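This report concerns only the one structure given below.
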Protein chains: 2
Amino acid sequence: MKLEEEDCSKAMLSIKDALEAVEGTWKLLILYSLCSGPKRFTELAREVTGITDKTLSKELKLLQANKLIKREVYDASPPAVEYTITKHGRSLNKVLFELWSWGRAHRKEVIGK
Amino acid sequence: MKLEEEDCSKAMLSIKDALEAVEGTWKLLILYSLCSGPKRFTELAREVTGITDKTLSKELKLLQANKLIKREVYDASPPAVEYTITKHGRSLNKVLFELWSWGRAHRKEVIGK
DNA sequence: AATGCTACTTCCCATTTGGATAGTGCTATC
DNA sequence: GATAGCACTATCCAAATGGGAAGTAGCATT
């Protein structure tokens, strides 16, 4: 199916859904960090430099709600929770590729180098 | 060039540039409206339902700063100002296509239908 | 007995965003 | 003379967002 074949307002909805899933300062950074393997809360807090516990907690919930990551609790003490990127999360790569390559062209166009 | 070849933080920058240019409720709606031809301020305000003058004014400035649209003033009275989508603005279509098609898959995955 | 670790949550506060409403300067129309 | 159209701008206010710091429960270590 092509974009133009779907009516405009419905197409907009899909685009908004997609944007919602990746927008903001942190979501992609967290996802990138999880690309190299499952991580625990504290590990993520260390790797994603600058993020606060509060924000990390909130973003992780949103990413879960969107099924981009998976949360698993292991019964241990101190408690252990592991976050893993899902297949659906990995399927974002085409989107990211287009954003990246347009972004580069955009930089050249707007900043002029 | 492939995404993986660029170092991560630089790739992030490009992606953020791209996201900045399209995120929010209004930018894409305005751009869509301008796809069908140049429009004036009041026309846009009418077509983009729900937007306030203030927000429209602000968004138009941002879109101009990113060279996605062009503003032209015609010396007349009452004053006439026309907004046109640029070539660079139109070059967003690949990005939009990927966002749209991932967004549709995402909807199915998350909402489950 | 005291401290530390994990995975968060809660509280407070400052800044940002967004909407509603009204105003502006000029001209053209009734 | 009054009203309307154009392209905005300004003001006020409410709501949302985001950061910093501290708190929590339970077990493990020193």
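Fair warning: this is a prediction, and the values are worked out from it, not measured in the lab. Numbers restart at 1 for each chain; the letters A, B, ... are given by sequence-line order, proteins then strands.
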If I take atom [atom1] in residue [X] and atom [atom2] in nucleotide [N], what distance separates them, rounded to the nearest angstrom?
X: A:Trp26; N: D:dT17; atom1: CH2; atom2: C1'; value: 14 Å
X: A:Asp75; N: D:dC27; atom1: CG; atom2: P; value: 11 Å
X: B:Glu82; N: D:dC6; atom1: CD; atom2: C1'; value: 14 Å
X: B:Leu56; N: C:dA20; atom1: CG; atom2: C1'; value: 16 Å
X: A:Gln64; N: C:dA7; atom1: CD; atom2: P; value: 13 Å
X: A:Tyr74; N: D:dG26; atom1: OH; atom2: C1'; value: 21 Å
X: B:Glu59; N: D:dA7; atom1: CD; atom2: C1'; value: 17 Å
X: B:Glu23; N: D:dT17; atom1: CD; atom2: C1'; value: 14 Å

Side chain of B:Thr42: nearest nucleotide among D:dG19, D:dC6, C:dG19?
->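 Ranking D:dG19, D:dC6, C:dG19 by closest atom to the B:Thr42 side chain puts D:dC6 first.
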Choose from D:dG20, C:dA7, D:dT9 the nucleotide whose nearest atom is closest to any side-chain atom of A:Phe41.
->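 Within the option list, the nearest is C:dA7.
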Would you say the side-chain atoms of B:Trp26 and B:Thr55 include a donor-acceptor pair closer than 3.5 Å?
->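 No.
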B:Thr42 and B:Lys39: side-chain donor and acceptor closer than 3.5 Å?
->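 No pair is found: no donor N or O on one side chain lies under 3.5 Å from an acceptor on the other.
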Would you please confirm or rule out a distance under 4.0 Å between OP1 or OP2 of [N] and any side-chain N or O of [X]?
X: A:Lys58; N: C:dC8; value: no
X: A:Arg71; N: C:dC8; value: yes
X: A:Ser57; N: C:dC8; value: no
X: A:Arg40; N: C:dT6; value: no
X: A:Lys54; N: C:dC13; value: no
X: B:Thr55; N: C:dG19; value: yes

How far apart are the C-alpha atoms of B:Arg40 and B:Glu82, what are their side-chain angles, what is the distance that settles it, and do they pass the salt bridge (charged side-chain N to carboxylate O under 4.0 Å, His left out) test?
-> CA-CA 5 Å; B:Arg40 303 174 60 170; B:Glu82 227 178 48; over 6 Å; no
Could you go step by step and tell me if B:Lys67 and A:Glu109 meet the salt bridge (charged side-chain N to carboxylate O under 4.0 Å, His left out) rule?
-> CA-CA 8 Å; B:Lys67 294 189 183 170; A:Glu109 179 83 21; 5.4 Å; no
Name the residue closer to the 5' end of DNA chain D, choosing between A:Pro79 and B:Arg46 according to the nucleotide with the nearest heavy atom.
->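 Of the two residues, B:Arg46 wins.
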Please work out if A:Ala80 contacts a base, only the sugar-phosphate, or nothing of the nucleic acid, heavy-atom cut-off 4.0 Å.
->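 Here A:Ala80 touches the backbone only, sparing every base.
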Checking all strands, does B:Tyr83 fall into the base, sugar-phosphate, or nothing category for heavy-atom contacts under 4.0 angstrom?
->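 Sugar-phosphate, no base atom in range.
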Should the heavy atoms of other residues, nucleotides or ligands under 6.0 Å from NZ of A:Lys16 be counted, would the total exceed 12?
->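 It does: A:Lys16 NZ has more than 12 such atoms within range.
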